[in-house]
K.L.:
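First, the structure itself, so that you have it in front of you.
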Amino acid sequence: MTAPGTRAAAPAEDSDDLDVEEALALVREAKDDQPGQVPVPQPEAHGEEHRAIPWRQAREIAARAARARARRAPVTVPLGNALGLVLAASLDALTDLPSFDTSAMDGWAVAGPGPWDVRDEGVLAGHAQPEPLTDGEAVRIATGARIPADTTAVLRSEHGRTDAQGRLHATRELAHGQDIRPRAQECRGGDQLLPIGTVVTPAVLGLAAAAGYDTVTAVPRPRAEVLVLGDELLTEGLPHDGLIRDALGPMLPPWLRALGAEVVAVRRIGDDAEALHQAVTGSEADLVVTTGGTAGGPVDHVHPVLERIGAELLVDGVKVRPGHPMLLARTKDTQHLVGLPGNPLAAVSGLLTLAEPLLRTLAAHPAPERYTLPLKEAIQGHPHDTRLVPVVLRGDRAVPLHYNGPAMLRGIAAADALAVVPPGGAGQGEETELLDLPWAAAGIEVCFT
């Protein structure tokens, strides 16, 4: 969606995210020392009912919360399941590449100066070592086939002709070693091909396979469980009689997978405090995501359940619109809960504010480079809070989208990114930070960054 040349990176010192080396400590550290507490800034109160912290600070806390307590052992993963993971061990060559001299082209393997007598049989890829050549001899050879011993060069098919006696002649000058891929041209056995911390892309899978790997050692995907709250939600059909369709149940699992998580369960709890308590305490996921119930209404049970189980509340409200009632809690030593607001776009805001940095750190992914683009149109800001506004990217401009209210998904469904609008707003042409949506660059349900 976006051309690389259009992005202007923010200064590195402004970064509030962990780098990949810090994140990889999750798998390298196996010490028994007690980790330190995550520093949680004291929120400024906008009234007693809403204790909120700045948006950027909330993201930093989410990233460092995963870093502070988790100890996640590396796993051995078949190549077919490793896409998007991060290497927890370096990828070292198990053999020379190529492992034998091979032909780079279809043509003839020749020995000595021409013209050459041509053998009757040819050499194909995948066959055993052919008989050596003698001076003045040639043999038909296919791309990728093993080079016969004592071969001088490979003469391409289009650069050779045979005379009436069947002897082969070169139609242009032939250099010694031409079109031969020598053994170990790319690497020798034991060479490091890729370091720890490399994200497994399709090209990495190809290299690993070529180097002889069937599996790789990687940081495991964080496991996530989604708890959908609310008695008013329908799973099918049209809204009626005060009931509305559940948008978050279908949306959150694939979004979490796009962020690199393995979604182990999606449960519908309704407005049932006891069921919520049982679901949270019974979950073995690394991250529990709840929808709705984070405010102070009569059926908002998330805070009471967290208090009941003795959870450590790390973020209780964020100065961001939409989505300010979001929360982050540590429910177990190696488990966190992200409470999302019930309004759909507000839930997206909470997902990208709290769940994304936490999952990224658990998976040891590098933080995406922050970048800015000028706005094609001005965006009105909130007096005190950051706003996240859906935009589409057109050339070197970010175009704000309408239908960006807390309950609306029409704007985000068409968006490439979210503009991070500071308190007070941003004017036309003003450089504004953007958060890419995970599928805008990498494809749905694939997370490389």
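As a basis for the values below, the full set of heavy atoms in this structure was taken, side chains included, without hydrogen atoms, waters or symmetry mates.
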K.L.:
Closer than 3.5 angstrom, by distance alone: can the side chain of Asp271 be matched with the main-chain N or O of Asp231 as a donor-acceptor pair?
P.N.:
yes

K.L.:
Among Lys319, Arg56, Arg321, which residue meets the salt bridge (Lys or Arg N to Asp or Glu O under 4.0 Å) test with Asp385?
P.N.:
Arg321

K.L.:
Closest heavy-atom contact between Lys376 and Val399?
P.N.:
CD-CG2, 3.6 Å

K.L.:
Between the side chains of Glu312 and Lys332, is the shortest nitrogen-to-carboxylate-oxygen separation below 4.0 Å, so that they form an ion pair?
P.N.:
no

K.L.:
Which residue is it: Leu259, Val338, Leu248? I am looking for the one with a side-chain contact (heavy atoms from CB on, under 4.5 Å) to Leu351.
P.N.:
Leu259

K.L.:
Given 3.5 Å as the limit, does a donor-acceptor pair link the side chain of Asp436 with the main chain of Ala417, or not?
P.N.:
no

K.L.:
Measure the spacing between OG of Ser103 and CZ of Arg156 and express it to the nearest 0.5 Å.
P.N.:
10.0 Å

K.L.:
Walk me through it: do Cys187 and Asp96 pass the test side-chain contact (heavy atoms from CB on, under 4.5 Å)?
P.N.:
CA-CA 6 Å; Cys187 66; Asp96 296 344; over 6 Å; no

K.L.:
If a pair satisfies side chain to side chain donor-acceptor pair (under 3.5 Å) and one of its residues is in residues 203-228, list it, with sequence neighbours excluded.
P.N.:
Arg223-Asp286, Glu225-Arg267, Glu225-Ser283

K.L.:
Under a 4.5 Å cut-off applied to non-hydrogen side-chain atoms, are Leu393 and Leu434 in contact?
P.N.:
yes

K.L.:
Is there side-chain contact between Ile379 and Arg387, with heavy atoms separated by less than 4.5 Å?
P.N.:
yes

K.L.:
Would Leu193 and Leu207 satisfy side-chain contact (heavy atoms from CB on, under 4.5 Å), going step by step from the backbone distance to the final call?
P.N.:
CA-CA 8 Å; Leu193 303 176; Leu207 177 61; 4.0 Å; yes

K.L.:
Do Val204 and Thr198 make a side-chain contact, defined as non-hydrogen atoms from C-beta onward lying under 4.5 Å apart?
P.N.:
yes

K.L.:
Kindly say whether Pro357 contributes a backbone atom to a donor-acceptor pair with the side chain of Thr361 at under 3.5 angstrom?
P.N.:
yes

K.L.:
If every non-hydrogen atom of Leu256 is compared with every non-hydrogen atom of Ala224, which pair is closest and at what distance?
P.N.:
CD1-CB, 4.3 Å

K.L.:
Measuring only between side-chain heavy atoms, which start at C-beta, is Leu340 closer than 4.5 Å to Leu327?
P.N.:
no

K.L.:
State whether Glu232 and Arg245 are salt-bridged, where the test is any N-O pair (Lys NZ or Arg NE/NH1/NH2 against Asp/Glu carboxylate O) under 4.0 Å.
P.N.:
no

K.L.:
Find the distance between CD1 (Ile269) and CG (Leu276) and round it off to the nearest 0.5 Å.
P.N.:
6.5 Å

K.L.:
Would you confirm whether Gln335, through its side chain, and Ala285, through its main-chain N or O, come within 3.5 Å as a donor-acceptor pair?
P.N.:
yes

K.L.:
Is there a salt bridge (Lys or Arg N to Asp or Glu O under 4.0 Å) between Arg308 and Glu274? Walk through the geometry before answering.
P.N.:
CA-CA 11 Å; Arg308 177 179 172 186; Glu274 189 58 35; 3.1 Å; yes

K.L.:
For the atom pair CG (Leu337) and CG (Leu358), what is the distance rounded to the nearest 0.5 Å?
P.N.:
10.5 Å

K.L.:
When you compare the side chain of His365 with that of Val199, does any pair of heavy atoms fall below 4.5 Å?
P.N.:
yes

K.L.:
If you round to the nearest 0.5 Å, how far is CH2 of Trp55 from CD of Glu60?
P.N.:
12.0 Å

K.L.:
Going through the checks in order, is the side-chain contact (heavy atoms from CB on, under 4.5 Å) test met by Leu418 and Val391?
P.N.:
CA-CA 6 Å; Leu418 287 171; Val391 296; over 6 Å; no

K.L.:
Could you check whether atom CD of Gln185 has more than 12 heavy atoms from other residues, nucleotides or ligands sitting under 6.0 Å from it?
P.N.:
yes

K.L.:
Which atoms form the tightest heavy-atom contact between Val216 and Ala82, and what is the distance?
P.N.:
CG2-CB, 3.7 Å

K.L.:
Mark yes or no for whether Thr281, through its side chain, and Ala279, through its backbone, hold a donor-acceptor pair below 3.5 Å.
P.N.:
no

K.L.:
Donor-acceptor pair, Asp179 side chain versus Ala104 backbone, under 3.5 Å?
P.N.:
no

K.L.:
Does Glu307, at its CD atom, have more than 12 non-hydrogen atoms belonging to other residues, nucleotides or ligands within less than 6.0 Å?
P.N.:
no

K.L.:
Any idea which heavy atoms bring Pro220 and Ala73 closest together, and the distance?
P.N.:
CD-O, 3.4 Å

K.L.:
One pair to check against side-chain contact (heavy atoms from CB on, under 4.5 Å): Leu328 and His336. What are the steps and the verdict?
P.N.:
CA-CA 7 Å; Leu328 170 66; His336 292 84; 4.1 Å; yes

K.L.:
Grab the two heavy atoms, one from Val420 and one from Thr432, that are nearest each other, plus how far apart they are.
P.N.:
O-CG2, 3.3 Å

K.L.:
Apply side-chain hydrogen bond (donor to acceptor under 3.5 Å, both in side chains) to residues Asp106 and Thr143 and explain how you reach the verdict.
P.N.:
CA-CA 5 Å; Asp106 292 333; Thr143 302; 3.0 Å; yes

K.L.:
How long is the straight-line distance from CZ of Arg370 back to CG of Leu435, given to the nearest 0.5 Å?
P.N.:
9.5 Å

K.L.:
Regarding Asp246 and Thr235, do their side chains bring together a donor and an acceptor under 3.5 Å, going by distance alone?
P.N.:
no

K.L.:
Would you indicate whether the side-chain heavy atoms of Leu352 and Trp255 approach each other to under 4.5 Å?
P.N.:
yes

K.L.:
What are the two closest non-hydrogen atoms of Leu354 and Ala62, and how far apart are they?
P.N.:
O-CB, 3.3 Å

K.L.:
Check residues 403-410 and write down every donor-acceptor pair under 3.5 Å in which the side-chain atom is one partner and the other belongs to a residue at least two apart or another chain.
P.N.:
from   : atom 1 : to     : atom 2 : distance (Å)
Tyr403 : OH     : Arg410 : NH1    : 3.3
Asn404 : ND2    : Leu401 : O      : 3.1

K.L.:
Does a side-chain heavy-atom distance below 4.5 Å link Met251 with Val348?
P.N.:
yes

K.L.:
Kindly say whether Ala275 contributes a backbone atom to a donor-acceptor pair with the side chain of Asp272 at under 3.5 angstrom?
P.N.:
yes

K.L.:
May I ask you to check whether over 12 heavy atoms, not counting those of Gln380, lie within 6.0 Å of atom CD?
P.N.:
no

K.L.:
Nearest 0.5 Å, what's the CD-CG distance between Glu431 and Leu375?
P.N.:
8.5 Å

K.L.:
Do Leu229 and Val302 come close enough that some side-chain heavy atom pair is under 4.5 Å?
P.N.:
yes

K.L.:
With no hydrogens and no angle check, is any side-chain donor or acceptor of His303 less than 3.5 Å from a backbone partner on Thr294?
P.N.:
yes

K.L.:
For the residue pair Arg183 and Phe100, would you count it as a cation-pi contact if the rule is NZ or CZ under 6.0 angstrom from the ring centre and within 45 degrees of the ring axis?
P.N.:
no

